[in-house]
Visitor: 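Have a look at this one.
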There are 2 protein chains.
Amino acid sequence: MEKHRSYCPVNLTMEVFGDKWSLVIIRDIMFEGKRYFRELMQSEEGIASNILTDRLVMLEQEGIISKADDPGHKQKNIYSLTLKGIDLLPIMVEIGNWSLKHKPVDLNKHKHAVKLVKGGMKLQGEVRKALIKDHLK
Amino acid sequence: MEKHRSYCPVNLTMEVFGDKWSLVIIRDIMFEGKRYFRELMQSEEGIASNILTDRLVMLEQEGIISKADDPGHKQKNIYSLTLKGIDLLPIMVEIGNWSLKHKPVDLNKHKHAVKLVKGGMKLQGEVRKALIKDHLK
DNA sequence: GCAACCAGTTGCATTTCGCAACTACTGCAA
DNA sequence: TTGCAGTAGTTGCGAAATGCAACTGGTTGC
């Protein structure tokens, strides 16, 4: 059996993110600072726990996030972005850009998205640095 | 019933493109110059005709593509990108960028993707101009 | 000890997806 | 005018994904 439908960049990306939840989870880890299962459960959109479990497993297998024990709480897991995950930042920014232009975004609720889109490469670089600091080892 | 799960830019975008095919179809229209149903059927990944129909209807309702009669053939439809669709170009480029770095892209088959990613803003601007010329009105 | 919290798991109904076959119409050539 | 290839889909149905609610087994704090 074949591993991929094709080896086109767009297709390979959609094989990973071609569902309604994966990128929303990445958003919460990347921009909302969420690092625990329970935090991710409280997404604005209301994800179900089994779907969240599935996606976290998939994203970890893809090497986009990593999972570690919380030293202060045996049962808690900390989810972090890998470099591969952090590298999704430019895609997120362009999605924000497109969405702000063409979709009915709630500007009051998502001021940080507006800021990031308007902030240009300089702000994006700063955000990237902060993510590397918080998520990589 | 609510129209959207939330009015976050990422979520609004995933409500449209959160499936395995929509962006692959856009890719074929945008980069492969495909404009007819039959051409789109021959995607490398092998889309089924009913899925293609569904997605084309959805993308048209979303205002991302438009559908027009072929003047030379009563039964043929020409699919074009709208400005909203053309504005997906930066997202495509960033997806290419990420994929080239982190996924097993077939570099020989997708040289034009490499070129577009390496070409920077200048080439992207040229491609955008060409798309506007070919697809709008 | 015990209630609240933690990360899931399970079962089941609903929805979506995907494949193969089929339809209805058009243009072309004999 | 008749057949045939080409056009954009539609239909039926089994498989997979999704969503909801309840449940599990362990941990932490009081």
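Chain letters run A, B, ... following the sequence lines, proteins first and then strands; every chain starts at 1. The figures that follow rest on heavy atoms only: side chains count, while hydrogens, waters and symmetry mates do not. Note that the coordinates shown come from a computational prediction; the quantities given were computed from them, not determined experimentally.
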Visitor: Could you give the CE-to-P distance, from A:M58 to D:dA16, as a whole number of Å?
Guide: 18 Å
Visitor: CD of A:E39 versus C1' of C:dC5: gap in Å, rounded?
Guide: 13 Å
Visitor: Figure out the CG/P separation between B:N77 and C:dC25, and round it to whole Å.
Guide: 16 Å
Visitor: Would you call A:E39 and A:R35 a salt bridge, taking side-chain N to carboxylate O under 4.0 Å as the test?
Guide: no
Visitor: Return the CD1 to CG distance between B:I95 and B:L23, rounded to the nearest 0.5 Å.
Guide: 5.0 Å
Visitor: Salt bridge check, B:E44 against B:K109: does any charged N sit closer than 4.0 Å to a carboxylate O?
Guide: yes
Visitor: When you check the side-chain N and O atoms of A:S22 and A:D19, is any donor under 3.5 Å from an acceptor?
Guide: yes
Visitor: Quick one: is A:K20 getting a side-chain N or O under 4.0 Å of the C:dT15 phosphate, OP1 or OP2?
Guide: no
Visitor: Rounded to whole Å, how long is the line connecting atom CD1 of A:I65 with atom C1' of C:dA7?
Guide: 14 Å
Visitor: Expressed as a whole number of angstroms, how long is the span from B:L40:CG to D:dG6:C1'?
Guide: 16 Å
Visitor: Using a distance-only test with no angle check, is there a side-chain donor-acceptor pair under 3.5 angstrom linking A:S43 and A:D28?
Guide: no
Visitor: Given C:dG27, D:dG9, D:dG19, identify the nucleotide with an atom nearest to the side chain of A:I51.
Guide: D:dG19
Visitor: Does the plane of the ring in A:W98 sit parallel, tilted or perpendicular to the ring in A:H102? Use 30° and 60° as the thresholds.
Guide: tilted
Visitor: According to a strict under-4.0 Å criterion, is A:R38 in side-chain N/O contact with OP1 or OP2 of C:dC5?
Guide: no
Visitor: Take atom CD1 of A:I25 and atom C1' of C:dA7, then tell me their distance rounded to the nearest Å.
Guide: 14 Å
Visitor: Rounded to whole Å, please give me the gap between CG in A:D70 and C1' in D:dG26.
Guide: 15 Å
Visitor: So does A:W21 get a side-chain nitrogen or oxygen closer than 4.0 Å to the phosphate oxygens (OP1/OP2) of D:dG19?
Guide: yes
Visitor: Which of these nucleotides, D:dT27, D:dG9, C:dG8, is closest to any side-chain atom of A:Y79?
Guide: C:dG8
Visitor: Determine whether any donor atom in the side chain of B:Q75 lies under 3.5 Å from an acceptor atom in the base of C:dG27, or the reverse, and answer yes or no.
Guide: no
Visitor: Taking only the side-chain nitrogens and oxygens of A:R55, find out if one of them lies under 4.0 Å from OP1 or OP2 of D:dT18.
Guide: yes
Visitor: Which part of the nucleic acid, if any, lies within reach of A:N50 when heavy atoms closer than 4.0 Å are counted: base, sugar-phosphate only, or nothing?
Guide: base
Visitor: Between C1' on D:dG19 and CD on A:E45, what's the gap in Å once rounded to a whole number?
Guide: 15 Å
Visitor: Output the single nucleotide from C:dC17, C:dC19, C:dT9 whose closest atom is nearest the side chain of B:D19.
Guide: C:dC17
Visitor: In terms of the nearest nucleotide of DNA chain D, which residue is placed more toward the 5' end: A:K74 or A:I47?
Guide: A:I47
Visitor: Starting at the 5' end of DNA chain D, which residue's closest nucleotide do you reach first, A:G46 or B:H73?
Guide: B:H73
Visitor: Nearest of C:dG27, C:dA7, D:dA8 to any side-chain atom of A:F37?
Guide: C:dA7
Visitor: Taking atom types as they are modelled, would you say the side chain of B:S49 forms a donor-acceptor pair with the base of D:dT10 within the 3.5 Å cutoff?
Guide: yes
Visitor: Please determine whether a side-chain nitrogen or oxygen atom of A:K76 lies at a distance below 4.0 Å from atom OP1 or OP2 of D:dG26.
Guide: no
